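Data first, discussion second: the structure below is written as structure tokens.
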Number of protein chains: 2
Amino acid sequence: MQNICLVLEYIGTNYAGFQRQKNGLSIQEVLENAINLALSEKVKVTPSGRTDAGVHAYNQVVNFFTNTTIPVEKLKIPINFYLPKDIRVKSAKAVDLSFNSRKSAKKKTYVYKIYNGQNFSVFDEDRVLYYPYKLDFDLLNKGADLICGTHDFNAFVRSNATTKTTIRTIFSSYFTREGDYIVYHITGNGFLYNMVRILVGTLLLLGRGKLSLDDIKELLNGGNRAQAGKTVSPCGLYLENVEYD
Amino acid sequence: MQNICLVLEYIGTNYAGFQRQKNGLSIQEVLENAINLALSEKVKVTPSGRTDAGVHAYNQVVNFFTNTTIPVEKLKIPINFYLPKDIRVKSAKAVDLSFNSRKSAKKKTYVYKIYNGQNFSVFDEDRVLYYPYKLDFDLLNKGADLICGTHDFNAFVRSNATTKTTIRTIFSSYFTREGDYIVYHITGNGFLYNMVRILVGTLLLLGRGKLSLDDIKELLNGGNRAQAGKTVSPCGLYLENVEYD
């Protein structure tokens, strides 16, 4: 028995999210089917975390147990053969049997891509948020900086989500800009349901002058979901990286 | 009666090329339908030139005649409303009645995008050619430089194409590189059927050492199609720009 860890890249547009479900095709279902066909063995993959419908990944990490005799360094070839062109295994390696993609994860990084100009490109459809409103970039970064540290993110979780604690630690949070494109980068020890998308929705209101830095501080103190910004589209969100010890 | 000139951006992946045809959905058909719905008037658009199935455009230029009373500066809004998300009007302006997108064009620029690394991204599917072979970048540019000038491009046209003359003038031809991405840029007074894709296929053979600079020189002297490289995939080709007086 081996424990195999895969790094995946996928475009989330055509899927109902990572997790297998009854009402829609999930990345998990497609991936498990491809592995089953490639290894002639039924496996169940564990991801570092779910991604919602329409959310993309540059480096999602999953693991699964297998008795295959295919050498691990060749494993990605047959799996990729059975995967559609919007999901791809970038690498495969054997890991300790105790490794669990979700539980062993120490840090996760997401990026959120925004187009802030007037000529949204067809090539950015489903991949970048079109947000043509005037934004104060320095103010955006002052707000992003407030997110760093340990806070009660109760205001930044989907209201019907059930979770033991809404406290999370954020290691870095900042915006970068290149021409009309703005990218939000956030690294933390974990994220609540919809948390990054609500944070971005809230910071964009700050950048437009519709919320103040004091409003953000208050929201970070276990504030109310209704006071935060809206959940922005999943199309701009990418799981960038997952770090382990 | 007004002559309206539109600049269009489109992803060619889902279309059977620009030109209207019986066996597949064309960009022309979708665009004319959108204009007909937006202006309640049947129009026929003239493009700067056809693009093949799967070829993209950053700035395709078309014109059409209309009796609409919608102000030209507002025209793109209703047309875009009826267009699918992979075709978009970037701008609209009124031009002289004598303007013809095809006949008035003086220069056209195409770019061809190549990924020359080992980890082809899902985000580049249908948009970039995956070409993992070792390439001599300096040699590529020496070959590209030979393309400049006026030549008989008989070796670089689809063999069953009918055309009055295979002589064309190329104003610039060069490769740029950024990380594992290589982009070919070519500007000319006109292009034969499949010409850019055959030029790229031939220059890639040069870059791999399978053709010499002398071979390229010979091909540029009205050589034989069979001696040139293969027609590379349309997925990496973009109509970048069309210039008028």
Side-chain angles (χ1 to χ4, degrees), chain A residues 6-15 18 27 30-31 34 51 54-60 73-74 76-77 79-92 111 113 115 117-130 132 178 180-181 183 233 235-240, chain B residues 6-15 18 27 30-31 34 51 54-60 73-74 76-77 79-92 111 113 115 117-130 132 178 180-181 183 233 235-240:
Chain A
L6 302 179
V7 178
L8 298 178
E9 191 182 50
Y10 53 79
I11 302 177
T13 310
N14 296 325
Y15 300 96
F18 188 90
I27 289 157
V30 172
L31 177 62
T51 51
V55 174
H56 319 296
Y58 287 124
N59 296 288
Q60 168 70 287
E73 65 275 13
K74 295 199 173 159
K76 75 172 187 177
I77 299 165
I79 301 174
N80 280 333
F81 178 81
Y82 288 109
L83 281 173
K85 64 186 180 180
D86 49 7
I87 306 176
R88 180 169 293 129
V89 176
K90 295 171 78 173
S91 67
V111 298
K113 300 186 183 182
Y115 175 74
Q118 298 303 319
N119 280 300
F120 189 64
S121 167
V122 291
F123 296 96
D124 287 336
E125 279 283 359
D126 297 326
R127 300 185 181 191
V128 177
L129 178 72
Y130 178 38
E178 203 178 314
D180 285 330
Y181 291 89
V183 180
S233 164
C235 77
L237 187 61
Y238 296 71
L239 174 55
E240 164 93 22
Chain B
L6 302 180
V7 179
L8 297 178
E9 191 182 49
Y10 52 80
I11 303 177
T13 311
N14 296 324
Y15 300 96
F18 188 90
I27 289 157
V30 172
L31 176 62
T51 51
V55 173
H56 319 296
Y58 286 126
N59 296 288
Q60 168 70 288
E73 65 274 14
K74 295 200 171 158
K76 74 173 187 176
I77 299 166
I79 301 174
N80 280 331
F81 177 80
Y82 289 109
L83 282 173
K85 63 186 181 181
D86 49 8
I87 306 177
R88 181 169 292 128
V89 176
K90 294 171 78 173
S91 66
V111 299
K113 300 186 183 182
Y115 175 74
Q118 298 305 318
N119 280 298
F120 189 64
S121 167
V122 291
F123 296 97
D124 288 336
E125 280 283 359
D126 298 325
R127 299 185 181 191
V128 178
L129 178 72
Y130 178 39
E178 202 177 314
D180 286 330
Y181 290 89
V183 180
S233 164
C235 77
L237 187 60
Y238 296 71
L239 174 55
E240 165 94 20

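Everything numeric here is computed off the predicted structure, so don't read it as measured data. A note on names: the letters A, B, ... follow the listed sequences, proteins ahead of strands, and every chain is numbered from 1. Just the heavy atoms: all of them, side chains too, but no hydrogens, waters or symmetry mates, feed the values below.
Annotation: maximal heavy-atom pairing with chain B below 4.5 Å, among A:Lys90, A:Glu125, A:Arg127, occurs at A:Arg127.
Only the side chain of A:Asn119 comes within contact range of chain B, with at least one heavy atom under 4.5 Å from a heavy atom of that chain. Residue contact with chain B, scored on non-hydrogen atoms closer than 4.5 Å, involves the backbone of A:Tyr10 exclusively. Using a 4.5 Å cut-off between heavy atoms, A:Ser121 contacts chain B through both its backbone and its side chain.
No donor-acceptor pair closer than 3.5 Å links the side chain of A:Asp180 to the backbone N or O of A:Tyr115. Remark: side-chain polar atoms of B:Asn80 are paired, donor with acceptor, to backbone N or O of B:Val89 under 3.5 angstrom.
Across all their heavy atoms, B:Val122 and A:Glu9 have their closest contact at N-OE1, 2.8 Å.
For an aromatic pair to be called close, the ring centres must be under 6.0 Å apart, and A:Tyr58 with B:Phe123 satisfies this.
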